[in-house]
Each structure stands twice: as structure tokens, then as C-alpha cells.
Visitor: 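The structure that follows is given in the form of C-alpha cells.
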Amino acid sequence: MDNDLIVIAGAGGFIGGHLVNYFLEQGHVNIRAVDIKPFDEWYQVSEVAENVVLDLQDRTNCRMAVRGATEVYNLAADMGGMGFIENNKALCMLSVLINTHLLMECKDAGVARYFYASSACVYNADKQTSADVIPLREEDAYPAMPEDGYGWEKLFSERMCRHFREDFGIQTRVARFHNVYGPHGTWDGGREKAPAAVCRKIAAAIDSGDHDIEVWGTGEQTRSFMYIDDCVYGIDRIMHSDIEEPINLGSDELTTINGLVDLVADIAGITVQKQHLLDAPKGVNGRNSDNTRIQELLGWAPQVTLREGMRETFEWVQAEYRKSREASVIS
Ligand code: NAD
């Protein structure tokens with residue numbers, strides 16, 4: 001129902017901010033957007049939604065956040081790219097408090113449906129040792145050996161969702177995102193992920209004329225990247241399906257990190273020289289999404305090409321980079 005209250009936790013962040021706008025565009029008028037950050041740090045602030053600043057690790061705050069809601073989307077987590085999650089494992093694990101307290105309060109408030117944003121970081125590391133990947137199927141999460149810290153929290157929280165559904169009847173849905181990218185996300189400061197970091201480095205290279213680009217690791221590690229429009233549409237489809245088990249939500253267009261750099265350089269119209277930092281955090285050697293199940297169950301899978309999505313992303317990051325350069329010159 002368009003009038004039912006939708007709560008989006010983590011709405012000041014990248015995916016949460018886009019999800020608020022997506023539901024508004026779909027005609028939903030009753031949206032509560034919640035995040036721990038002060039409003040001036042939200043990537044997008046809707047003028048229509050009820051915007052609230054709350055720390056959702058706290059159970060009482062979760063009670064306030066979900067009051068009256070029909071659906072709750074949990075996109076809130078203390079997270080970032082590999083540089084952040086490899087060096088902040090305890091902080092990543094503390095996000096378990098957000099999911100736990102939200103679920104407890106959703107149960108008490110009679111919330112009908114609950115979405116949890118999981119990650120490809122739940123997959124067993126032994127399946128990701130080679131750049132020449134076999135795409136990850138949902139069953140590859142077990143036996144469990146996920147990414148330390150961040151991945152363990154995601155896997156545990158997935159199970160918590162499962163048992164709240166089985167024991168208390170709340171309809172939980174879980175998607176395992178594979179590297180989401182697009183405009184209005186983190187692009188500097190240490191929490192940014194590879195696509196935004198590459199865009200920023202190329203914007204800086206154009207600005208400075210120095211075309212040496214630092215790449216973490218050999219750059220031969222393989223990944224797939226999902227554009228944000230596919231992500232929010234996929235969240236909606238999964239939430240309103242009868243898919244009870246965690247499911248991949250990711251692109252299956254595979255690239256190397258070196259290939260990603262070359263693609264963005266090509267979009268920007270420059271040539272670059274890559275400087276490989278072999279000691280920098282680089283994550284697993286190879287990872288791709290097996291989309292057989294989502295195709296089977298939804299007749300759909302993410303479809304925006306990397307080139308299309310990176311063009312939009314580069315334009316946005318370059319504009320942000322230029323704004324911040326101008327601001328630093330003025331101050
Ligand atoms: P993001 O960091 O941009 O957004 C997360 C938001 O959660 C932030 O705005 C942050 O302030 C908020 N938050 C953190 N702690 C909070 C708290 N205690 N109370 C309230 N809000 C809190 O990250 P994102 O890229 O939008 O990711 C959203 C979700 O998707 C996260 O759960 C993340 O783990 C998951 N995910 C993202 C990706 C990706 O590539 N972006 C991949 C896999 C999984």
C-alpha cells in the first residue's frame with residue numbers, strides 16, 4: 001500500500017539514500033529515513049521523507065525508528081571498502097547490534113517485512129583464491145569461512161533473520177550484494193570502494209597532469225560491480241517476493257581491477273600508468289556472482305553494463321572532486 005510506513009535504516013548512506021528516492025518515485029509517500037550521521041553528512045536528504053538521526057545500535061532508538069512501520073529495510077552498517085574493513089574488524093562486527101535490535105523491535109511492533117543487506121563477503125574464502133573464478137552460488141557460503149570481521153557479522157545476521165522468520169513469523173528477506181557503485185556514495189576519506197576510488201584518482205590525474213595511478217595489489221584480482229539502479233530495483237523485487245533464503249544481488253560482468261582502471265581512463269579520455277602497491281589491502285583474488293537463482297526466481301538479474309554505470313559514476317565523482325578542490329583553494 002502506498003500509504004504504509006516504510007522505514008529505511010542507513011538512509012544517509014549510499015544505497016539507503018538511493019532507496020528512499022526509488023520508493024518516492026514508485027509513489028510511496030510515507031517514508032521514514034534514519035541514520036546516525038548528522039543531516040549535513042547524508043549523501044542525499046529527501047524533502048518529502050521523515051528524516052531522523054538515531055544511533056540504531058541502541059535498542060530504544062530502534063523502537064522509535066520502527067514504530068508504526070509495515071516494512072523495514074536495514075541498510076545501516078559501519079562499513080567501507082577493503083582499506084576500511086581489513087583494519088576495523090571490531091567496528092564492523094558491532095553492526096550486529098543494529099540488526100539484532102532492529103529485528104527485536106520489528107517483532108514487537110508487528111512489522112510485516114524486513115530486508116537485510118548482506119554481502120558477497122559471506123562467501124567461503126577457499127572459493128575465491130583464484131582470479132580465474134567460478135561464480136559464487138548461494139550454497140557456497142557454507143561451510144563457513146567468510147571475510148574476517150565484516151563477513152562474519154553479515155553471515156551471523158543473515159542467520160538471525162532466518163530464525164526470526166522461522167520462530168516469530170516476520171517475513172525476512174536477505175540479499176547478498178556484490179560491490180555496488182554509483183553517484184552519491186563515498187568517494188574519498190578511506191571508506192571508499194574501488195570504483196569510486198578509481199574515479200577519484202583519474203579525476204585527480206586530469207587535474208594535476210600526473211597520470212600515475214596507484215592500484216592496490218597486482219590489479220589482476222577479478223570482481224563484478226553492480227550499478228546502484230539495479231541494486232535498488234533488485235531490493236524491491238526480492239523484498240516483495242517469496243524468496244526466503246539469502247540470494248545473490250550482483251552483476252556477473254567480470255573485470256580485473258586493472259581493467260576497471262583502463263575503462264575509467266578511456267571514459268575520461270586519458271591514458272594512465274599504473275603503479276601497483278603490492279602491500280595494500282586487496283581482498284580475495286577473484287569473485288563473481290552466479291545469477292542462476294535470481295534469474296530462475298525473478299526472471300531478472302542486474303543488467304546495467306559496467307561502462308554505462310561507470311560513465312555516470314565518473315561524471316559525478318569528477319564534479320565532487322572539482323567542488324572540493326575549489327573549496328580548499330577558497331579556504
Ligand atoms: P554506507 O556506509 O554509505 O551507508 C551505511 C549507512 O549506515 C551510513 O550512512 C552510516 O552512517 C549508517 N550507520 C552506521 N552505523 C549506524 C548506526 N549505529 N545507526 C544508524 N545508522 C548507522 O554503505 P552502503 O554502501 O550504502 O551500504 C549499505 C548496506 O549494504 C550495508 O549494510 C553494507 O554492508 C551493505 N553492502 C554494501 C555493499 C557496497 O558495495 N556498497 C556491498 C555489500 C554489502
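In listed order, ligands and their atoms are each counted from 1. Just so you know, these numbers use all the heavy atoms, side chains as well, and skip hydrogens, waters and symmetry mates.
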Visitor: Under 4.0 Å, heavy atoms only, figure out whether ligand 1 is touched by the backbone of Asn179, its side chain, both or neither.
Guide: backbone
Visitor: Kindly check if the number of other-residue, nucleotide or ligand heavy atoms within 6.0 Å of NZ (Lys127) is above 12?
Guide: no
Visitor: For atom 14 (C) of ligand 1, what's the nearest protein heavy atom and its distance?
Guide: Ala77 O, 3.3 Å
Visitor: Between the side chain of Asn288 and the main-chain N/O of Ile134, is any donor-acceptor distance below 3.5 Å?
Guide: no
Visitor: Below the 3.5 angstrom mark, is there an N/O of Asp78, backbone or side chain, next to an N/O of ligand 1?
Guide: no
Visitor: When you look at Thr292 and Gln295, which way does the side chain to side chain donor-acceptor pair (under 3.5 Å) test go after all the steps?
Guide: CA-CA 5 Å; Thr292 311; Gln295 277 288 7; over 6 Å; no
Visitor: Are any of the N/O atoms in Lys37 less than 3.5 Å from those in ligand 1?
Guide: yes
Visitor: Any side-chain donor paired with an acceptor under 3.5 Å for Asn248 and His178?
Guide: yes
Visitor: Show the atoms of ligand 1 that are less than 4.0 angstrom away from any heavy atom in Ala76.
Guide: 7 (O), 21 (N), 22 (C)
Visitor: Got Tyr114 and Asn99 here, is their nearest side-chain heavy-atom distance under 4.5 Å?
Guide: yes
Visitor: Please confirm whether Gly80 comes under 4.0 Å of ligand 1, counting heavy atoms of the residue only.
Guide: no
Visitor: Taking the six-membered ring of Phe84 as reference, does the cationic atom of Arg191 (NZ for Lys, CZ for Arg) lie under 6.0 Å from its centre and within 45° of its axis?
Guide: yes
Visitor: Quick one: does Leu56 get an N or O within less than 3.5 Å of an N or O on ligand 1?
Guide: yes
Visitor: What's the shortest heavy-atom distance between Gly182 and Thr313, and which atoms?
Guide: CA-OG1, 3.4 Å
Visitor: Pairing donors with acceptors under 3.5 angstrom, does anything connect the side chains of Gln44 and Asn21?
Guide: yes
Visitor: Count the heavy atoms belonging to other residues, nucleotides or ligands that lie under 6.0 Å from CE of Met145, then report whether that count exceeds 12.
Guide: no
Visitor: Could you check whether atom CZ of Arg307 has more than 12 heavy atoms from other residues, nucleotides or ligands sitting under 6.0 Å from it?
Guide: yes
Visitor: For the CG atom on Leu277, are there more than 12 heavy atoms of other groups (residues, nucleotides or ligands in this structure) within a distance under 6.0 Å?
Guide: yes
Visitor: Hey, does the side chain of Asp266 reach the backbone of Asp262 with a donor-acceptor pair shorter than 3.5 angstrom?
Guide: no
Visitor: Among all protein non-hydrogen atoms, which one is nearest to atom 23 (O) of ligand 1, and what is the separation to 0.1 Å?
Guide: Met79 SD, 3.3 Å
Visitor: Taking distance alone, with no angle check, do Phe177 and ligand 1 share an N/O pair under 3.5 Å?
Guide: no
Visitor: Give the residue, atom name and distance (to 0.1 Å) of the protein heavy atom nearest atom 40 (O) of ligand 1.
Guide: Val180 N, 2.7 Å
Visitor: I'd like to check which ligand 1 atoms, numbered from 1 as shown, lie under 4.0 Å from a non-hydrogen atom of Leu54.
Guide: 19 (N), 20 (C)
Visitor: Looking at ligand 1, does any of its N/O atoms fall within less than 3.5 Å of an N/O of Asp35?
Guide: yes
Visitor: Does Ile98, backbone or side chain, put an N or O under 3.5 Å from an N or O of ligand 1?
Guide: no
Visitor: Any heavy atom of Tyr150 closer to ligand 1 than 4.0 angstrom?
Guide: yes
Visitor: Looking only at distances, please establish whether an N/O atom of ligand 1 is found under 3.5 Å from an N/O atom of Lys154.
Guide: yes
Visitor: So for Gly185, does at least one of its heavy atoms come nearer than 4.0 angstrom to any atom of ligand 1?
Guide: no
Visitor: Considering only protein heavy atoms, which is closest to atom 21 (N) of ligand 1, and at what distance to one decimal place?
Guide: Ile36 N, 3.2 Å
Visitor: What are the atoms of ligand 1, with element, lying closer than 4.0 Å to any heavy atom of Ala117?
Guide: 29 (C), 30 (O), 32 (O)
Visitor: Listed by chain and number, what are the ring-ring contact (aromatic ring centres under 6.0 Å, His included) partners of Tyr43, not counting sequence neighbours?
Guide: none
Visitor: Taking 4.0 Å as the limit for heavy-atom contacts, which would you say applies to Tyr181 with ligand 1: side chain only, backbone only, both, or neither?
Guide: neither
Visitor: Does Leu97 come within less than 4.0 Å of ligand 1, judged by its heavy atoms?
Guide: no
Visitor: Quick test: of every protein heavy atom, which one is nearest to atom 26 (O) of ligand 1, and how far off is it to 0.1 Å?
Guide: Ile15 N, 2.8 Å
Visitor: Taking atom CG as the centre, does Asp279 end up with more than 12 heavy-atom neighbours from other residues, nucleotides or ligands that are less than 6.0 angstrom away?
Guide: no
Visitor: Out of all atoms in ligand 1, which are within 4.0 Å of some heavy atom of Lys193? Include the element for each.
Guide: 38 (C), 39 (C), 40 (O), 42 (C)
Visitor: Less than 3.5 Å between some nitrogen or oxygen of Gly13 and one of ligand 1, yes or no?
Guide: yes
Visitor: So is there a nitrogen or oxygen of Asp55 less than 3.5 Å from a nitrogen or oxygen in ligand 1?
Guide: yes
Visitor: Taking atom CG of Asp132 as the centre, does the number of heavy atoms from other residues, nucleotides or ligands within less than 6.0 Å exceed 12?
Guide: no
Visitor: Just let me know how Ser118 lines up against ligand 1, side chain, backbone, both or neither, with a heavy-atom cut-off below 4.0 Å.
Guide: backbone
Visitor: Provide, to 0.1 Å, the distance between atom 28 (C) of ligand 1 and the closest protein heavy atom, together with that atom's residue and name.
Guide: Leu75 O, 3.2 Å
Visitor: Would you mind listing which atoms of ligand 1 come within a distance below 4.0 Å of any non-hydrogen atom of Gly12?
Guide: 9 (O)
Visitor: So if I count the atoms of ligand 1 from 1 in the order they appear, which ones are less than 4.0 Å from some heavy atom of Gly10?
Guide: 6 (C), 7 (O)
Visitor: Does any donor atom in the side chain of Gln303 or Asp230 lie under 3.5 Å from an acceptor atom in the other side chain?
Guide: no
Visitor: Say whether Phe14, considering both its backbone and side-chain N or O atoms, lies within less than 3.5 Å of an N or O atom on ligand 1.
Guide: yes
Visitor: Could you tell me, atom by atom, which parts of ligand 1 come under 4.0 Å of a heavy atom of Gln57?
Guide: 18 (N)
Visitor: Would a 4.5 Å heavy-atom cut-off, applied to side chains only, mark Met82 and Cys121 as touching?
Guide: no
